[in-house]
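Here, residue 1 is the first one in the sequence, and each next residue gets the next number.
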Amino acid sequence: SPPPRALPGPINAVRLLLQMQMRFDGLLGFPGGFVDRRYWSLEDGLNRVLGLGLGCVRLTEADYLCSHLTEGPHRVVAHFYARQLTLEELHTIEISAVHSRDHGMEVMGMVRVPLYTQKDRMGGLPNFLGNSFVGTAKFQLLFALKILNMVPEEKLAEAAAATQK
């Protein structure tokens with residue numbers, strides 16, 4: 001496959017990208033799965049699951065961001081990890097995801113989150129936040145955008161508020 005195209009802008013500018021998955025049920029979520037703690041540490045289990053879907057990324061304890069207990073009949077603790085990658089590593093993940101075992105069955109594809117707001121104040125992130133998310137995924141997304149300083153806090157608040165209207 002061809003190498004990733006350069007994004008417009010200064011050569012040394014940092015490009016912030018965030019990926020989610022479109023699931024079989026039409027909901028957006030992050031890559032992951034269930035971990036049996038009798039046999040795996042959280043990181044080992046997560047890397048086993050990610051290896052099935054993404055193949056080329058390994059997470060460690062240092063990549064941990066937060067945990068959240070989901071409410072409802074199926075109480076699940078969602079552990080959230082984030083990892084900084086190069087554009088080339090991200091491109092490799094996007095290609096390998098299409099060839100994963102779950103592609104087209106559990107996962108319909110990878111989705112880049114728009115980290116901008118268009119001039120109309122709705123296009124980009126505000127519209128994206130209006131999508132349906134699985135479990136704690138929207139909370140995790142907003143948390144990551146804030147804690148990792150991927151979107152200025154005032155722009156993030158405006159985007160979140162725009163979806164409430």
Side-chain angles (χ1 to χ4, degrees), residues 1 4-10 13-34 46 49-50 52-57 59 63-72 74 76-100 102-165:
S1 69
R5 290 177 296 157
L7 298 173
V14 174
R15 304 288 182 228
L16 299 176
L17 301 169
L18 186 83
Q19 281 191 323
M20 296 186 80
Q21 291 180 330
M22 175 61 69
R23 295 164 27 108
F24 67 95
D25 54 9
L27 301 176
L28 291 168
F30 289 99
F34 293 102
L46 180 58
V49 171
L50 289 178
L52 297 174
L54 302 179
C56 53
V57 80
L59 297 172
D63 300 315
Y64 172 82
L65 285 185
C66 66
S67 296
H68 188 265
L69 177 65
T70 61
E71 298 299 326
H74 304 290
V76 174
V77 178
H79 302 285
F80 190 54
Y81 291 72
R83 179 78 177 272
Q84 184 175 342
L85 304 170
T86 66
L87 187 56
E88 291 77 21
E89 289 170 324
L90 182 67
H91 187 253
T92 301
I93 287 172
E94 289 174 331
I95 291 169
S96 66
V98 173
H99 301 289
S100 77
D102 294 335
H103 184 76
M105 295 170 59
E106 287 187 36
V107 177
M108 298 296 112
M110 301 298 290
V111 177
R112 288 188 183 184
V113 177
L115 301 179
Y116 58 86
T117 300
Q118 293 179 335
K119 288 182 184 179
D120 67 0
R121 303 183 91 166
M122 282 305 296
L125 184 59
N127 275 343
F128 187 84
L129 293 175
N131 284 306
S132 297
F133 296 84
V134 65
T136 61
K138 187 172 183 178
F139 166 82
Q140 292 169 329
L141 170 61
L142 293 170
F143 181 78
L145 293 175
K146 180 179 179 180
I147 200 87
L148 299 174
N149 297 314
M150 296 182 80
V151 174
E153 203 163 333
E154 67 277 357
K155 295 287 186 192
L156 187 57
E158 286 173 16
T163 63
Q164 303 301 316
K165 293 179 181 177

- prompt: Quick one: side-chain hydrogen bond (donor to acceptor under 3.5 Å, both in side chains) partners of E94, sequence neighbours excluded?
  reply: Q19, R112
Anything under 3.5 Å between a donor and an acceptor, one on a side chain of residues 133-150, the other on a protein residue two or more places apart or in another chain? List them.
| residue | atom | partner | partner atom | Å |
| --- | --- | --- | --- | --- |
| T136 | OG1 | Q140 | NE2 | 3.4 |
| K138 | NZ | L129 | O | 3.0 |

- prompt: So, do L28 and M22 sit near enough that their side-chain heavy atoms are less than 4.5 Å apart?
  reply: yes
message: Let me confirm one number: the CD-CG distance from Q84 to D63, rounded to the nearest 0.5 Å.
response: 10.5 Å
task: Compare every heavy atom of T163 with every heavy atom of P126, then report the nearest pair and how far apart it is.
output: O-CG2, 2.8 Å
statement: residues 118-133 vs salt bridge (charged side-chain N to carboxylate O under 4.0 Å, His left out), sequence neighbours excluded, gives R121-E158
task: Let me see the working for F30 and Q21 under side-chain contact (heavy atoms from CB on, under 4.5 Å), right down to the final yes or no.
output: CA-CA 6 Å; F30 289 99; Q21 291 180 330; over 6 Å; no
task: With the side chain counted from C-beta on, respond yes when V111 and V113 share a heavy-atom pair under 4.5 Å apart, and no when they do not.
output: no
Value rounded to 0.5 Å, distance of CG in L65 from NE2 in H79: 13.0 Å
Atom of V151, atom of L156 and distance for their closest heavy-atom approach: CG1-N, 3.7 Å
task: Can you tell me which residue pairs pass the salt bridge (charged side-chain N to carboxylate O under 4.0 Å, His left out) test with a partner in residues 19-29, sequence neighbours excluded?
output: R23-D25
message: On a heavy-atom basis, which atom in P114 and which in L125 lie closest, and how many Å separate them?
response: O-CB, 3.3 Å
By ring-ring contact (aromatic ring centres under 6.0 Å, His included) - contacts of Y64 (at least two apart): Y81
- prompt: For atom CD of E153, is the number of surrounding heavy atoms from other residues, nucleotides or ligands below 6.0 Å larger than 12?
  reply: no
